[in-house]
Amino acid sequence: VMSFDKLRELGHSLSFKLTLWYAAILLVALGVSCAVSYVLIYKMAVKRVDAYLQTEAEECRRLLPLFAKVFGPDSKNTLMLRMRLVRILHCQERKTEEEKEFREVRDTAARALGDEHQFSLQDVMELMRYLQTLERHADMEHMLRQHLPAFIKVHGQDNSAVLKLRGKFIESLKDQKKYAEAENECRSLVADKTRIHGPEAEDTLKERNLLADLLSHQKKDAEAEKEYRETLALSERALGAEHPLTLEICYNLAQRLHLQDRAREALPYAQRALAGRLKVLGKDNTQTLLSQYLLDEIKKRPPVREEPRQP
């Protein structure tokens, strides 16, 4: 059997098909638990992804002049293709090229988004998703702050896509730790969603869960706990005890109580979140593993001795 270092060199130098062939032989010969087999498969996967991204980047660059000529340099089609190229450069960790391309795209978008007839709300939402993936939270906030009022004026504040864009604006503030402003915007959105969808609608309850989270970040513990408890009760009644959102709120409440050294109160909520996620999501799901970790942490915490009551 070759040495581990030799196998690593082999993984770098082989073509994709040969690497796959060697990996298959190793899996049979050494067993599926052998780390060497997995390292070689990992190298194979990385090589495959890198080749795919490089092909995609070249294809985007080839199409960009054609898109600019046919649709115009400021058109939504050209803009979305350039955003795709930025995303590929981000995945390739080509920071200098990514930054240059992004600055040009950002300036183009700042001009073009003012045309509400060309850009639909779905187009803007797609652009915001790109920015969120690239962790460009400040740029996302700036664009929405600049253009969201016009979209509200044209389409109305009750439009479902407008509501989603308002949610994206809140997320951009939260990601920059602007919790106070995010809270104010979230309260406004909760009120509108309650009026439009009703207090027990899943969309409304998701927003209230986010509001409780924003309160937690500002150390407004009493307000956050009250919001979590009220939202949990509504979610249980409207969606059911084992709905993923109900279990998420249950987990969040347990975490909040745990951080306040209230392990005894947190324990039943943590147990319930874990049991529900095990049943609904399975033992290997990320949310289930987080629930297991939280429960273990709560159980490690020594019980706080209660002060004797005054007679």
Side-chain angles (χ1 to χ4, degrees), residues 15-16 44-176 178 181-182 185 189:
S15 68
F16 171 72
M44 174 194 69
V46 168
K47 185 177 292 187
R48 184 68 164 176
V49 170
D50 286 345
Y52 170 77
L53 290 173
Q54 185 60 36
T55 302
E56 282 283 289
E58 290 170 1
E59 188 68 12
C60 285
R61 292 189 189 282
R62 188 182 68 80
L63 288 172
L64 273 172
L66 180 63
F67 271 53
K69 182 178 180 180
V70 174
F71 301 111
D74 291 357
S75 71
K76 69 178 183 182
N77 294 312
T78 306
L79 184 62
M80 291 303 179
L81 183 61
R82 293 189 71 177
M83 281 302 300
R84 183 173 182 81
L85 177 59
V86 172
R87 191 171 181 178
I88 292 168
L89 294 171
H90 178 77
C91 293
Q92 292 178 309
E93 298 184 351
R94 292 158 68 175
K95 301 295 184 185
T96 305
E97 292 177 73
E98 177 197 342
E99 189 64 32
K100 179 178 180 297
E101 188 68 29
F102 177 78
R103 286 182 184 279
E104 293 177 9
V105 172
R106 182 185 60 190
D107 295 342
T108 302
R111 295 193 305 272
L113 286 181
D115 183 359
E116 290 85 12
H117 301 291
Q118 179 187 189
F119 282 85
S120 69
L121 291 172
Q122 286 71 25
D123 294 329
V124 180
M125 180 63 73
E126 185 64 25
L127 182 59
M128 293 306 113
R129 288 196 193 99
Y130 272 122
L131 293 174
Q132 200 165 29
T133 302
L134 297 169
E135 299 181 351
R136 300 277 183 169
H137 309 302
D139 292 295
M140 185 173 165
E141 177 202 346
H142 176 74
M143 286 187 186
L144 285 172
R145 201 182 288 279
Q146 183 179 2
H147 296 289
L148 190 53
F151 281 112
I152 293 173
K153 184 178 179 180
V154 171
H155 301 281
Q157 66 177 10
D158 293 354
N159 181 286
S160 59
V162 168
L163 292 174
K164 288 178 181 177
L165 284 175
R166 289 173 65 189
K168 289 292 181 187
F169 180 59
I170 293 167
E171 288 175 25
S172 72
L173 294 172
K174 180 188 173 186
D175 289 333
Q176 296 175 82
K178 298 181 178 180
E181 186 179 0
E185 293 290 335
L189 190 53

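Along the sequence shown, residues are numbered consecutively beginning with 1.
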(request) Could you tell me which residues satisfy side-chain contact (heavy atoms from CB on, under 4.5 Å) with Glu135, sequence neighbours excluded, listed by chain and number? (result) His137

(message) Among residues at least two apart in sequence or on other chains, which ones pass side-chain contact (heavy atoms from CB on, under 4.5 Å) with Arg145?
(response) Glu141, Phe169, Leu173, Glu181

Drop me the distance from [X]'s [atom1] to [Y]'s [atom2], to the nearest 0.5 angstrom.
X: Asp158; Y: Ile152; atom1: CG; atom2: CD1; result: 10.5 Å
X: Ser160; Y: His155; atom1: OG; atom2: NE2; result: 11.0 Å
X: Arg136; Y: Asp175; atom1: CZ; atom2: CG; result: 14.0 Å
X: Met140; Y: Lys168; atom1: CE; atom2: NZ; result: 5.5 Å
X: Leu144; Y: Met128; atom1: CG; atom2: CE; result: 4.5 Å
X: Asn159; Y: Phe151; atom1: CG; atom2: CZ; result: 10.5 Å

(message) Using side-chain heavy atoms (C-beta onward) and a distance below 4.5 Å, is Leu163 in contact with Leu189?
(response) yes

(message) Taking side-chain hydrogen bond (donor to acceptor under 3.5 Å, both in side chains) as the definition, give me every residue that meets it alongside Glu59, ordered by chain and number, with sequence neighbours left out.
(response) Arg62

(message) Checking Thr78 now: which residues fulfil side-chain hydrogen bond (donor to acceptor under 3.5 Å, both in side chains) with it, not counting sequence neighbours?
(response) Ser75

(message) Looking at every heavy atom in both Ser172 and Gln176, which two are closest together, and how far apart are they?
(response) O-NE2, 3.0 Å

(request) Would you please test Glu99 and Arg103 for side-chain contact (heavy atoms from CB on, under 4.5 Å) and show each step? (result) CA-CA 6 Å; Glu99 189 64 32; Arg103 286 182 184 279; 3.3 Å; yes

(message) What I want to find out is whether Glu171 reaches Lys178 closely enough, with some N-O distance under 4.0 Å, to be called a salt bridge.
(response) no

(message) What I want to find out is whether Lys174 reaches Glu185 closely enough, with some N-O distance under 4.0 Å, to be called a salt bridge.
(response) no

(message) Under the rule for salt bridge (charged side-chain N to carboxylate O under 4.0 Å, His left out), what residues qualify as partners of Glu58, not counting sequence neighbours?
(response) none

Sequence neighbours left out, cut at 3.5 Å: what donor-acceptor pairs do the side chains of residues 80-89 make with other protein atoms?
residue: Arg82; atom: NE; partner: Glu101; partner atom: OE2; Å: 2.8
residue: Arg82; atom: NH2; partner: Glu101; partner atom: OE2; Å: 3.1
residue: Arg82; atom: NH2; partner: Glu104; partner atom: OE1; Å: 2.6
residue: Arg84; atom: NE; partner: Glu56; partner atom: OE1; Å: 3.2
residue: Arg84; atom: NH2; partner: Glu56; partner atom: OE1; Å: 2.7

(message) Counting only heavy atoms from other residues, nucleotides and ligands, does the tally under 6.0 Å from NZ of Lys95 exceed 12?
(response) yes

(message) Let's go through Asp139 and His142 carefully: what are the C-alpha distance in whole Å and the side-chain angles of both, what is the deciding distance for side-chain contact (heavy atoms from CB on, under 4.5 Å) to 0.1 Å, and is it a yes or a no?
(response) CA-CA 5 Å; Asp139 292 295; His142 176 74; 5.6 Å; no

